[in-house]
Every structure is written in structure tokens, then in C-alpha cells.
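In this chain, residues are counted from 1 in sequence order. Counting starts at 1 for both ligands and their atoms, in listed order. Note that the coordinates shown come from a computational prediction; the quantities given were computed from them, not determined experimentally.
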Amino acid sequence: MTDATQLAARLDDAVRSGLPIPQLSLETALSLDEAYDVQRAGVDLRRRRGEQVTGVKLGFTSRAKAEQMGVSDVIVGVVTDAMEIVDGGIIDIARGVHPRVEPEVAFRLGESVDPTDPAIDLANAVTDVAPALEVIDSRYRDFRFSLADVVADNTSASAYVIGPWQSIDDARATDGLAARAVELAVDGVTGETGSTEAILGDPMAALPAIQRMAARHGHELPAGAVLLAGAATAALPLQAGTTFTATVAGLGAASLRVAGGNAHE
Ligand code: 0L1
Ligand code: MG
């Protein structure tokens, strides 16, 4: 039997110190359900420090990342107000272990949803969509982990930026959300390019996946919750003194300035 609270505390220390830890799975055999117990215990620690949950995020939504990890399903994590950075705001790289940034699409819920209710379609509760940046920062040495490790580590969630929200109906009326060009630029120079298609074929497909995972693992979906659908390109390492901008065709851009010295690894 694993002690979820104890394992969560080790990960939480790594978040707060910026110092990496060895993978939990090297010492402890964790099932996926046990890994989600550790994730939940970590979120409870954050809540006890006063952080408020602002939403959820999906990981492994691109076929490339899923194949790289040898997994066939997405994973879900939790984001809090302490992870939110205003659009154009600053992140201090020195607080991270080895942070990377990826361009995403975000949704916002207009009403509270019970994900366990089979009569509910989460897509009907989404009112807005926005371009976004997610900073991922594995708390494990060398950014290496097993599936259970990364789930326990709250799917590497570290920070996020939401660009301008627009009505989901308006955004979808034009061309839908699939196959929109995405660029991740570094100081205005293209770093990565891709398409929203990399997010499960269409970011809208993230919504039933979030509903299913939230129901299975007990994540709440209140009104106003932010749903990060997944990455549209590979992630780039954060570098001090640079600005990262994610642009999603038709949705606009979200950006983040990186300050501070060096990350820890
Ligand atoms: O948001 C993500 O897709 C990250 C999922 C966890 C895997 C990673 O840290 O690359
Ligand atoms: Mg992500």
C-alpha cells in the first residue's frame, strides 16, 4: 500500500525548491489509480496553502507524445490560481526545475457540470475558447518518468497563460477549431509550428475526454473552470530573457516573458 500523502509531499517539496527528485516508480510500484491518489493529495496540499483550483488540463493528447510514452489514453491534471500568469506577464524561470512551454487551446465553462452525469455533454457547457500557453515542468530528474510518475506529478503542470477569450460559437462558426495553424514564437521568431489537429484530431475532442477522465478520477468542473485541451506542437525549454508567444489562427495570441537566472536543471 502506498502512502499518497507522503509521496505527494516529496513532489511538493520539489515544486517549491525547484530541485528534482528521482522517479517515484524507481522505489514504489504505483498503479494508475494510486498515482491519481498521489495527484489528489498534492492538490490538497496546495489547497491547504490557500490555492484555489481554476480548472483541469489534459496531457498526452498528441499521437506523437502518446506513442513516445507507449500510452493509449490521455491523462488529466489540475491547475490552480497560483499557476495562472496574466497574458503578457512574467514567469521567473529560477523557480522551476527544467520548465518547458507549449502552445495550447483553452476552453471556459459557463456553468457547473457534474462529469458523472451521463446525460450531460460537457461541450454544451463551454462558452469561450482562447489561445493559451502551458508551462510544464516535471519534478523528476532529467524530465524522465513513467506514466504513473507523471500522473502523480500532476501531469507536469506548472503555469499557464490564457490569451483573449472569444465566444465558442463565434469561433466555431468560421471554420471549426480543427486544423488551425499554430505557432510558438521565441522573441518573435518562429520556434515551432503545428496545427490544432495535433490535439486529439480536434480540440473539441478534448471535451468528452476531460469529462470521462474527470468522472473517473473525481475532478470537479465548476462554472468558470479553465480546461486546457493539450499541446499543438512540441514544447520548448524556457530561457531567461525571452518572450514566448503562442498564436492560433483565428483565435489570437497568448504570451509570456521569462525572467530570472537559470532553472535548476
Ligand atoms: O501537458 C502535457 O501534455 C504534459 C503531460 C505530461 C508529460 C510531459 O511533461 O511532457
Ligand atoms: Mg500541456
Checklist entry - Is there any N or O on Ser156 that sits under 3.5 Å from an N or O of ligand 1? => result yes
Checklist entry - What atoms of ligand 1 come closer than 4.0 angstrom to any heavy atom of Val150? => result 6 (C), 7 (C)
Acceptor/donor pairs from residues 230-252 side chains to any protein atom, 3.5 angstrom cut, sequence neighbours excluded:
| unit_1 | atom_1 | unit_2 | atom_2 | d |
| --- | --- | --- | --- | --- |
| Thr242 | OG1 | Gln239 | O | 2.5 |

Item to check | Ring geometry between His217 and Tyr36 (parallel below 30°, tilted from 30 to 60°, perpendicular above 60°) | outcome: parallel
Item to check | Ion pair check, Asp13 and Arg10, cut-off under 4.0 Å | outcome: no
Next on the checklist: Within a 6.0 Å radius of atom CZ on Arg49, are there more than 12 heavy atoms belonging to other residues, nucleotides or ligands?
Outcome noted: yes
Item to check | Ligand-side contact atoms (ligand 1) for residue partner Glu134, heavy atom cut-off under 4.0 Å | outcome: 1 (O)
Checklist entry - What atoms in ligand 1 come closer than 4.0 Å to a heavy atom of Glu102? => result 1 (O), 2 (C), 3 (O)
Item to check | Distance from atom 1 (O) of ligand 1 to nearest protein heavy atom, with residue and atom | outcome: Lys57 NZ, 2.8 Å
Next on the checklist: On a heavy-atom basis, which atom in Arg139 and which in Ser158 lie closest, and how many Å separate them?
Outcome noted: NH1-CB, 4.1 Å
Checklist entry - To the nearest 0.5 Å, what is the distance between CG (Leu26) and CZ (Phe145)? => result 13.0 Å
Checklist entry - Any salt bridge between Asp12 and Arg16, counting N to O under 4.0 Å? => result yes
Checklist outcome for this item: So the atoms of ligand 1 within less than 4.0 Å of a heavy atom of Phe143 turn out to be 9 (O)
Checklist entry - Counting only heavy atoms, which portion of Lys65 has something under 4.0 Å from ligand 1: side chain, backbone, both, or neither? => result side chain
Next on the checklist: For a 4.5 angstrom cut-off between non-hydrogen side-chain atoms, does Asp202 reach Leu177?
Outcome noted: yes
Checklist entry - Any idea which atoms of ligand 1 are less than 4.0 Å away from a heavy-atom of Gly59? => result 2 (C), 3 (O), 5 (C)
Checklist entry - Can you find a pair of side-chain heavy atoms, one from Leu133 and one from Tyr160, that are under 4.5 Å apart? => result no
Checklist entry - Would you find more than 12 non-hydrogen atoms of other residues, nucleotides or ligands less than 6.0 Å from Arg172 atom CZ? => result no
Checklist outcome for this item: Checked the Mg ion (ligand 2): protein N, O or S atoms closer than 2.8 Å come out as Glu102 OE2, Glu104 OE2, Glu134 OE1
Next on the checklist: So if I count the atoms of ligand 1 from 1 in the order they appear, which ones are less than 4.0 Å from some heavy atom of Phe60?
Outcome noted: 3 (O), 7 (C)
